[in-house]
Amino acid sequence: MLIDFDNDSHRYCVLQALREPDASRDDVLHQFVQLASQVLGIPGSFISVLDDSDQYIQAAHNFVLKQTAREDALCRYVADNDAEIVVPDTLLDSRFMAHRYVTDAPFIRFYAGVPLKDREGRLFGTLCVTDGEPHTFSVEQLLTLKKLANLMMSFLEAWHAAGFTDPATGMPNRQRLMRDLQYLADSGDVSLRRLVLIDCIDMPRAYELARSMGMGPVETLLKNVAALLPRLLLPASDERLYTVTTGRFALLTHGKSPLSAASIAERLTGMSAELGEGLSLALSTHTGQVDFTAGCCNAQEILRRAASALYEATGSGTPAMAYTESADVQQGRDFKLMREFAAALHQEGGLYLVYQPKICLRTGAPVGLEALIRWCHPEHGELLPGAFVPLAEKTGQLPMMTTWVIDRAILRLAHLRDKGIQLPITVNISLNDFACEGFADDLERKLNQYGLPPSLLGIECLETERILESSQAMQGLERLKQRGFTISLDDFGTGYSNISYLRQMPLDVIKLDRSLISNLSTDTASRIIACSIINMLKALDYVVLAEGVEDAETGRILSEYGSDQAQGYFYSRPMAEKALDAWLLRKRDALTE
């Protein structure tokens, strides 16, 4: 069964919306019916809404009925004939003289009604005046009743547009999508349907532009994408696009449609949208789809499943993903884990830090520590950062985690200082932290509270490419550097573009990725590459730290090539606080013998 979204669904949505309470709308409708009675001199008036089975009295003045079956409604004659009806005396009209509402309460003797239709001619109900006494009704009075009906319908159309149309794009909005999905279920539709959610705008990037250019270009971007999508995606009349939320769109179509999450992502690949003033933004597309029959579950669940597929696509870096129950179950577990993580950030005993020493290759002495977060989960046991940090980033919890790590690293610095040990501790920081204008000031203030210099807290950069793309993050790094914090670059050597970072970022320490040095003791090519990179970095006056060292021979080769420091299981695994204290004491005693 094909559904005419532009007619049946729209009428259904409006009727459904009218039947739901809305105080501000209903107050205006009551004023309309009062005005109709006053202007026309007829004591009773009401607005009726008619569907296929019932009549609902939406607003009334001196009229007591609230709801009737359609077949019992006088207004059905207006609706069935799509024309006004005036009955000066119901007892003299063969259609009404035996009607239950004429011979019994509310004892209607006079009735005049006109249809309520939108500008496309769709009928939604009637505007009527009634009395318990017969009346004459002039042509002028009927014309006035029609004008009042037109004014009332204009108001209702504006009210509906405000509630069911996205103001930025002009597309049907999320509420309208919910109505259309519910309509499919209520109409008995049993055909296979498909809902595809489309994220094609990098909204964080768009809002960065808004900070510098204002919201005008972002609004232009949204409108241009909304104009682009129908041209690309709507070959059939029974397909409909919606704006679900800012920058996110939805396509409702048949299950056998050639349009799928994958095909839509492919069509949008390489596309860009105008920002105005000659600027454009490349579309960054992820899509998620769910195939369904309308009666399988409610509208909210259908949208949730499509969103689950979209989140799976976004999280895995895949352009398109279809809903699967297994992935949905995993997402449920992930969200549960993140709720527990949020609680763990505010409780003692779950999260804790471990510290991995950094060793001077010339003397063998510890020269620093890297703080690494761990989670002792009550159900899953000890969790490494890879199990929860990416999820924390998706759910916006990284800033809270960073604060938690920094506060405890500073406490550890103060503890070591009191033990007569002065070793810097490095913490991993993400782009969002750097980009906060007051981040460097907050760090300096926290260290000052314990009488600690900024040089003791090292900052290790994650997401290097994204940092370079963010002027706010780069400025944040410069502020940290100016205050005396040591800046480290993680994972150097994992990509050819790394060398360009050296000219752009204010760095002190370069960490060689373990993939660069893992084969030093067995592979000649690896040794040549590592030696060349270390010589270049030392010529540029960086401190070079090699991570992932697991044997003495690799450490010896790195020292020979000029690397300053090393870190890895050969020297020490990451340790909790008590084990670290004991290890440092043993190291100090061994070095002083």
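Here the structure is a predicted model, which means the values were calculated and not measured.
Asp541 CG: 12 or fewer foreign heavy atoms inside a 6.0 Å radius. In this structure, Arg573 places its CZ atom where only 12 or fewer heavy-atom neighbours from other residues, nucleotides or ligands lie under 6.0 Å away. For Phe439, the CZ atom sits in a packed shell: over 12 heavy atoms of surrounding residues, nucleotides or ligands are nearer than 6.0 Å.
By the 4.5 Å heavy-atom criterion applied to side chains, Arg527 and Tyr561 are counted as neighbours. Annotation: side chain of Val509 is not in contact with side chain of Val544 (no heavy-atom distance under 4.5 Å). Residues Leu537 and Val543 form no side-chain contact, since every pair of their non-hydrogen atoms from C-beta on lies 4.5 Å or further apart. You'll find the side chain of Arg193 stays beyond 4.5 Å of the side chain of Asp291, heavy atoms only. Between Leu337 and Leu383 the shortest side-chain heavy-atom distance falls below 4.5 Å.
For the 3.5 Å distance criterion, the side chains of Arg556 and Ser559 fail to qualify, holding no donor opposite an acceptor.
For Asp166 and Arg174, the salt-bridge test fails: no basic side-chain N is under 4.0 Å from an acidic carboxylate O. Checked for salt-bridge contact, Glu478 and Arg483 miss the test: no charged N lies under 4.0 Å from a carboxylate O. Salt-bridge check for Asp581 with Arg412: passed, with a basic side-chain N closer than 4.0 Å to an acidic carboxylate O. Salt bridge annotation for Glu370-Lys511: present, with a cationic side-chain nitrogen under 4.0 angstrom from a carboxylate oxygen.
Here the closest heavy-atom approach between residue Lys481 and residue Leu507 is recorded as NZ-O, 4.1 Å. Scanning both residues, Ala261 and Gln289, for their nearest heavy atoms gives N-OE1, 2.7 Å. Of all heavy-atom pairs spanning Pro424 and Ser455, the tightest one is CB-O, 4.0 Å. For the pair Asn173 and Tyr242, the tightest heavy-atom approach, listed with the atom from each and the gap, is O-CD2, 3.8 Å. Looking at every heavy atom in both residues, Val427 comes nearest to Ala409 through CG1-CB, 3.9 Å.
With Val549 as the partner, the side chain to side chain contact (heavy atoms under 4.5 Å, CB included) test is satisfied by one option alone out of Leu512, Thr554, Ile557: Thr554.
Checked by atom type and distance alone, the side chain of Arg248 never pairs as donor or acceptor with a backbone atom of Leu197 at under 3.5 Å. At least one donor-acceptor pair closer than 3.5 Å links the side chain of Ser263 to the backbone N or O of Ser260.
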Quiz item: Could you go step by step and tell me if Glu382 and His377 meet the side-chain hydrogen bond (donor to acceptor under 3.5 Å, both in side chains) rule?
Solution: CA-CA 6 Å; Glu382 184 178 59; His377 190 277; over 6 Å; no
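For Phe341, the ring pair (Phe, Tyr, Trp, His ring centres under 6.0 Å) partners two or more places apart in sequence, or in a different chain, are Trp375, Phe388.
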Only distances under 3.5 Å count here; give the side-chain donor-acceptor pairs of residues 353-368 to other protein atoms, sequence neighbours excluded, each with its distance to 0.1 Å.
from: Gln356; atom 1: NE2; to: Ser572; atom 2: O; distance (Å): 3.1
from: Lys358; atom 1: NZ; to: Thr426; atom 2: OG1; distance (Å): 2.7
from: Thr363; atom 1: OG1; to: Ala365; atom 2: N; distance (Å): 3.2

Quick one: side chains of residues 396-405, donor-acceptor pairs under 3.5 Å with protein atoms, not counting sequence neighbours, listed by atom name and distance.
from: Gln397; atom 1: OE1; to: Ala342; atom 2: N; distance (Å): 3.4
from: Gln397; atom 1: NE2; to: Met338; atom 2: O; distance (Å): 3.4
from: Gln397; atom 1: NE2; to: Thr395; atom 2: OG1; distance (Å): 3.1
from: Thr402; atom 1: OG1; to: Leu398; atom 2: O; distance (Å): 3.0
from: Thr402; atom 1: OG1; to: Asp433; atom 2: OD2; distance (Å): 2.9
from: Thr403; atom 1: OG1; to: Pro399; atom 2: O; distance (Å): 3.1

